[in-house]
Amino acid sequence: MSTMWQGCLAHTDYFETRSSGGHGYGVWVTTPPGYDPAAAPTPVVYVLDGNWAVGLTAPLIVTQLDPMQALQPYIQVSVGYAGEEAEHWERLRNRDLVPPGEPIAQEYIDATEMGIATGTMTREQADAYLAELSDSRGDAFLAFLTDDLHPRIARDYGTAPSGHGLFGYSYGGLFSLYAWLSDSTLFETIGAGSPGIVGEDSQVFARLRAMGDTLPATRLHLTFNDRELLGGIPVYQNLARNTATFLHRLTAHNAPVTSALLHETHVTGLQASFLSYLRTCRAR
């Protein structure tokens with residue numbers, strides 16, 4: 001399997017692992033060209049939704065050689081699902097990337113019903129999708145990244161002791177905000193692209209209120225898309241509107257946050273959001 005993935009993605013290893021909670025994951029590790037940990041150990045950037053994101057983001061490792069855009073070196077670790085579970089990554093991410101206790105917004109229920117009506121999903125698939133949302137465990141997945149996966153990556157790839165980053169998009173972006181609000185000590189920069197803050201009663205607003213004026217020192221970069229806000233799909237309109245509200249509340253507290261409005265749809269925005277994070281948070 002590792003050889004196969006190296007053939008598809010340059011400088012990329014692949015392995016499968018299990019969390020201490022018993023869940024299985026597929027992990028792609030993409031190193032910079034000519035990486036020598038003995039000469040220059042490098043920080044890690046963890047990228048969520050690996051089954052979708054790895055093909056769009058891992059090839060961008062070559063931007064570290066771009067003479068017109070100097071970026072700090074990084075190793076990319078993309079985390080997704082393996083085997084038969086890879087076919088169900090869209091619903092399994094609901095379990096892993098959504099904060100515990102996150103309310104299920106009516107707009108999500110409406111979107112699944114629309115999917116059934118248009119034939120893009122079956123009733124069984126829609127029920128399974130919503131079932132994962134009703135028992136979300138973002139806390140367990142954060143523990144997997146920091147306590148299970150990172151020690152292995154650090155050992156096997158000789159990474160730097162600090163300077164690590166996290167990037168997530170959509171529900172991955174919601175998880176990124178949750179990790180930021182959890183004040184994890186592993187990450188020094190966090191990118192949250194079009195985070196899935198669909199409801200005004202989202203856990204991220206509650207956690208932000210609970211923190212008061214004591215906000216994390218970790219640098220946060222937020223992006224969202226103009227076509228989400230201006231389009232006619234309610235779930236994306238709410239997402240963009242609530243992301244803007246979250247951003248305004250952070251800037252009012254002088255939090256270490258930057259942002260960008262991208263000219264993309266929700267589906268096409270992942271790669272642009274990742275590049276925005278790299279250019280803003282990982283520039284030399």
Side-chain angles (χ1 to χ4, degrees), residues 1-31 44-61 75-100 102 108 112 115-116 119-157 159 166-176 178-179 186 193 196 267 270-271 274:
M1 181 68 80
S2 176
T3 302
M4 183 187 78
W5 279 113
Q6 280 192 307
C8 297
L9 296 169
H11 312 292
T12 296
D13 298 326
Y14 174 83
F15 65 87
E16 295 173 8
T17 188
R18 301 196 76 81
S19 69
S20 56
H23 296 303
Y25 298 96
V27 180
W28 297 259
V29 183
T30 306
T31 52
V44 178
V45 172
Y46 288 91
V47 175
L48 308 176
D49 282 319
N51 303 90
W52 173 33
V54 67
L56 291 168
T57 58
L60 296 176
I61 202 89
I75 296 170
Q76 178 168 327
V77 176
S78 309
V79 185
Y81 304 98
E84 292 183 4
E85 288 194 330
E87 298 179 24
H88 307 293
W89 68 271
E90 287 183 279
R91 66 171 174 82
L92 290 173
R93 70 197 290 268
N94 295 348
R95 176 195 72 199
D96 289 333
L97 302 182
V98 176
E102 182 78 358
Y108 265 119
T112 60
I116 295 169
T120 58
M121 65 170 56
T122 65
R123 170 62 64 184
E124 182 181 16
Q125 290 171 329
D127 290 345
Y129 185 91
L130 294 174
E132 296 290 359
L133 283 177
S134 67
D135 187 27
S136 52
R137 291 301 311 274
D139 53 343
F141 186 69
L142 180 58
F144 162 68
L145 290 182
T146 59
D147 302 339
D148 298 340
L149 183 58
H150 183 72
R152 175 173 177 171
I153 297 296
R155 180 192 69 232
D156 293 351
Y157 291 89
T159 64
L166 171 70
F167 173 81
Y169 188 83
S170 191
Y171 264 163
L174 181 65
F175 177 87
S176 291
Y178 172 73
L186 176 60
V267 175
L270 186 150
Q271 188 179 69
F274 183 61

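Residue numbers start at 1 and run along the sequence shown.
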Novice: Atom CG of L186 and atom NE2 of H150: how far apart are they, to the nearest 0.5 Å?
Specialist: 5.0 Å

Novice: Ignoring hydrogens, what is the shortest heavy-atom contact between S176 and G168? Give both atom names and the distance.
Specialist: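 Of all heavy-atom pairs spanning S176 and G168, the closest is OG-N, 3.2 Å.
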
Novice: Identify the two heavy atoms, one from N94 and one from S136, that lie closest to each other, and give their separation to 0.1 Å.
Specialist: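 N94 and S136 have their closest heavy atoms at O-CB, 3.6 Å.
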
Novice: Using the test ring pair (Phe, Tyr, Trp, His ring centres under 6.0 Å), find all partners of Y157 that sit at least two apart in sequence or belong to another chain.
Specialist: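 In terms of ring pair (Phe, Tyr, Trp, His ring centres under 6.0 Å), with neighbours along the sequence ignored, Y157 is linked to no residue.
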
Novice: Supply the atom-to-atom distance H23 NE2 to F141 CZ, rounded to the nearest 0.5 angstrom.
Specialist: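 So the NE2 of H23 and the CZ of F141 are separated by 10.5 Å.
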
Novice: Can you check whether L166 reaches L48 side chain to side chain, under 4.5 Å on heavy atoms?
Specialist: yes

Novice: Given side chains that start at C-beta, do those of V45 and F274 come closer than 4.5 Å, heavy atoms only?
Specialist: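 Counting from C-beta outward, V45 and F274 do come under 4.5 Å.
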
Novice: Which heavy atom of I153 sits nearest to which heavy atom of T159, and what is that distance?
Specialist: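 Looking at all heavy atoms of both residues, the closest pair is O-CG2, 3.8 Å.
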
Novice: So, for P100 and G138, which heavy atoms are closest and what is the spacing to 0.1 Å?
Specialist: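 It is CD-N, 4.0 Å.
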
Novice: Are the side chains of I75 and V29 in touch, meaning some heavy atoms are under 4.5 Å apart?
Specialist: yes

Novice: Counting distance only, does the side-chain N/O of D148 pair as donor-acceptor with the main-chain N or O of S19 below 3.5 Å?
Specialist: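 No; zero donor-acceptor contacts below 3.5 Å.
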
Novice: Do D96 and Y81 touch side chain to side chain, with heavy atoms closer than 4.5 Å?
Specialist: yes

Novice: Can you tell me how far the CD atom of E102 sits from the CZ atom of F175, to the nearest 0.5 Å?
Specialist: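 That separation rounds to 13.0 Å.
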
Novice: Could you tell me whether the side chain of W89 reaches within less than 4.5 Å of the side chain of W52, counting heavy atoms only?
Specialist: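 Yes, their side chains come closer than 4.5 Å.
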
Novice: Evaluate the side-chain proximity of V47 to V54: yes if any heavy-atom separation is below 4.5 Å, no if none is.
Specialist: no

Novice: List for me each residue that meets side-chain contact (heavy atoms from CB on, under 4.5 Å) alongside R152, sequence neighbours excluded, and say none if there are none.
Specialist: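 In terms of side-chain contact (heavy atoms from CB on, under 4.5 Å), with neighbours along the sequence ignored, R152 is linked to F15, T17, R155, D156.
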
Novice: Mind checking the CG-CG spacing from L270 to D49? Nearest 0.5 Å is all I need.
Specialist: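 CG of D49 is found 7.5 Å from CG of L270.
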
Novice: How far does OH of Y25 sit from CG of N51, to the nearest 0.5 angstrom?
Specialist: 11.5 Å

Novice: For A82 and Y14, which heavy atoms make the closest approach, and how far apart are they?
Specialist: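 Scanning both residues, the minimum pair turns out to be CB-OH, 3.4 Å.
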
Novice: Considering residues at least two apart in sequence or located in another chain, which fulfil the ring pair (Phe, Tyr, Trp, His ring centres under 6.0 Å) criterion with Y178?
Specialist: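 None.
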
Novice: Closest approach of R93 and S170, non-hydrogen atoms and distance?
Specialist: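 That closest heavy-atom pairing would be NH2-CB, 3.8 Å.
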
Novice: Report yes or no: does Q271 contribute a side-chain atom to a donor-acceptor pair with the main-chain N or O of L56 at less than 3.5 Å?
Specialist: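 Side chain of Q271 to backbone of L56, a donor-acceptor pair under 3.5 Å: yes, one is there.
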
Novice: CG/L149 to CG/D147 distance, rounded to the nearest 0.5 angstrom?
Specialist: 10.5 Å

